[in-house]
Amino acid sequence: MLEELRKQRIKEIEELREKGVEPFSYRYEKTHNTKDIKDLFDEKLKAGEILEEEKVSTAGRVMSLRDHGKSAFFHIKDSEGRIQVYIRKNAVGAERYEIFKKYVNVGDIVGVKGFPFKSKTGELTIFVEDFEILSKAIRPLPEKWHGLKDKEVIYRQRYLDMISNDESLERFKTRYKVIRLFRDFLNERGFIEVETPTLVYVTGGAEAKPFVTHLNVFDIDMYLRIATELYLKRYIVGGFEKIYEIGKVFRNEGISYKHSPEFTSMELYWAYADYNDIMELVEDLLSYVVKEITGSTKVMYQGVEIDFSKPFRRIKMRDFIKEHLGVDILEDSDEKLLKVLKDHEVEVPIKSRGHLINKLWDLVEDKVVQPTFLLEHPVEISPLAKRHREDPRVTERFELIIYGREIANAFSELNDPVDQYQRFLEQVKLREAGDEEAQMMDKDFIRALEYGLPPTGGLGIGIDRLVMFLTDSPTIRDVIAFPLVNPKSLDEEIEYEEEVE
RNA sequence: GACCCGGUAGCUCAGCAGGUAGAGCACCUGACUUUUAAUCAGGGGGCCGCGGGUUCGAAUCCCGCCCGGGUCACCA
């Protein structure tokens, strides 16, 4: 059926060309988009009224079509919405009308010129005086009423999802608006957007398994970055004081509703600031973004109201775990931590102190729903954070937790090269003990610190996870336009008939 | 990686006590100048995910595999 349909459409394209009509145009003067037209005329017009002097020219994809013989109604969709269009034989002429009737189908992209009116039933409509086929579709669209439901097709052919499910297009518009708001906010505060390498010799800045690739010119293996942190700090050493980078990072790990091997982070470094300054900045940034997106400080996520008004709640990791599990991550022995984990039936493949602490946190993180700063992580699990000025066992670090998920991670950056070197050594030991996610020694980074990194506050935010909240998306794949999919050997055969006749 | 659910027309889905494969939308032909899931008449369209087995006979039952979704595990 699909093949027959495609052939039919390809044949129609030939016929159009024989009639001197090119079904793939070069450009179209679009004076208004669908939203402009609604903004201008929707309130002005009553049912049955016309505004013949107001000329509009717009374009979009035909989403529905109701043919009435000598006239037809259809809806076109553009990036801003949908609008109804009315075409009538005696208005465009018999010849043009025949072209429309015979050759325009749902799915085609057309341009229309005319004037606005309101139908009997009160829907704002464009009365067509002239139209043009701008791009003829060869494949049929999914069902107009139910839309596209098949998750596999939604992820593999996102364009089709965006065409047929309006909320999908809107979701991605929101995503990119959020990113723009981040830039607006930070630029306004004097932060400069910079770039760091994607291909790196050693990974750092996070604990994750990297993707490995090969660089032919030097014949060496390289990695895709797992974070932008260590290069951004080099900028600060070099003299930049307020910088940020928004970009993809790559972690060769599992896929879940909140994990994607390729995701977007925003990292920021602010010289002469500490984690308290960063906390305030995060509150300001997020409440600003949320307000611009939703109009208030509140977001409904999966039926739960999340309030981003500041200040956010602050809890200390040690206190929170002690309160809920009765164990002290700073004072109690490894054995005691392990026993608590065993009591909760948690398996611990790697029995380092850091892993035990992380596992304990995992047990309680679900209890944090509203935006909360989780403070003062132990040194063992924070190899790049500065020790707390009042307690050297913990760091000046915080994570922003929302709905049990880590959204941001920040600290007063460790700028003591000797301490940093020792922390890296600890990580290397873990690595040698089989922890593939432990950090690598980055000697050039140490060298940079030896030239002097000013006191600096740093921050990383998971953009995708934040966008999930702002679009009420249950999985991270819903906010990544083209998520990773199994390539499968499904590549369908696409054949074009040879020219006949 | 384990378990659960699913894969039938381009799309959304039904059919599964085993007996020649269905609907709606979309498509094609015709009618219709204010419809909006337009309407009316007619028509075409299927490797029922793939491979094997049981059976006179499999979309339906059994086994294996592939792909997807979900839960858990792994994981920031």
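Reminder, nothing fancy here: chain letters follow the sequence lines and each chain counts from 1.
- Pairing of B/rG30, defined by two Watson-Crick or G-U wobble distances under 3.5 Å, is identified with B/rC40.
- Spacing between atom CD of A/Glu152 and atom P of B/rC5 amounts to 19 Å, rounded to whole angstrom units.
- Counting to the nearest Å, the P atom of B/rU12 and the NE2 atom of A/His146 are 10 Å from each other.
- Backbone-only engagement by A/Gln8 is indicated by non-hydrogen atom pairs under 4.0 Å involving sugar-phosphate atoms exclusively.
- Rounded to whole Å, the separation between the C1' atoms of B/rG45 and B/rA31 comes to 24 Å.
- Across all strands, A/Phe117 comes closer than 4.0 Å to base atoms (heavy-atom distances).
- Using a 4.0 Å heavy-atom distance criterion, A/Arg465 is classed as making no nucleic acid contact.
- The aromatic rings of A/Phe115 and A/Phe127 lie parallel to each other, their planes meeting at an angle below 30°, with 60° marking the opposite boundary.
- Across all strands, A/Arg477 comes closer than 4.0 Å only to sugar-phosphate atoms, never to a base (heavy-atom distances).
- Taking the six-membered ring where the residue is Trp, A/Phe320 and A/His324 present tilted rings, their angle falling between 30° and 60°.
- When Watson-Crick and G-U wobble pairs are counted only if both distances are under 3.5 Å, B/rC50 pairs with B/rG64.
- Aromatic stacking of A/His259 on B/rA76: not satisfied for centres closer than 5.5 Å together with planes under 30 degrees.
- As judged by a 4.0 angstrom heavy-atom cut-off over every strand, A/Tyr155 is placed among residues touching the sugar-phosphate backbone only.
- Atom NZ of A/Lys136 and atom C1' of B/rC27 are 11 Å apart (whole Å).
- The base of B/rU34 lies outside donor-acceptor range of the side chain of A/Glu123, with no N or O pair under 3.5 Å.
- B/rG43 and B/rC47 have their P atoms separated by 22 Å, with the value rounded to a whole Å.
- As a whole-Å value, the separation of A/His75 NE2 from B/rA38 C1' is 12 Å.
- B/rC11 sits 15 Å from B/rC27 when the P atoms are compared, rounded to a whole Å.
- Searching all strands for a Watson-Crick or G-U wobble partner of B/rU12 with both distances below 3.5 Å returns B/rA23.
- Separating the NZ atom of A/Lys11 from the C1' atom of B/rC27 is a distance of 13 Å, rounded to the nearest angstrom.
- For the C1' atom pair drawn from B/rC67 and B/rG30, the interatomic distance equals 43 Å after rounding to whole Å.
- Cation-pi geometry between A/Arg225 and A/Phe250 is not met: the NZ or CZ atom fails to fall both under 6.0 Å from the ring centre and inside 45° of the normal.
- Listed pair A/Arg9 / B/rC28 meets the phosphate criterion, a side-chain N or O lying under 4.0 Å from OP1 or OP2.
- Between the CD atom of A/Glu253 and the P atom of B/rC75 there is a distance of 9 Å, given to the nearest Å.
- Separation of the P atoms belonging to B/rA14 and B/rA23 is 16 Å when rounded to the nearest angstrom.
- In this structure, A/Arg88 fails the cation-pi test against A/Tyr97, since its NZ or CZ atom is not both closer than 6.0 Å to the six-membered ring centre and inside 45 degrees of the ring normal.
- Across all strands shown, A/Arg405 has no heavy atoms under 4.0 Å from either base or sugar-phosphate atoms.
- Between the side chain of A/Glu143 and the backbone N or O of A/His146 there is at least one donor-acceptor pair closer than 3.5 Å.
- Relative orientation of the A/Tyr301 and A/Tyr403 rings is perpendicular, given thresholds of 30° and 60° on the angle between their planes.
- Among the protein residues, A/Lys149 comes within range of the sugar-phosphate backbone only, with heavy atoms under 4.0 Å from sugar or phosphate atoms but none that close to a base.
- Look at B/rC3: its Watson-Crick or wobble partner, with both distances under 3.5 angstrom, is B/rG70.
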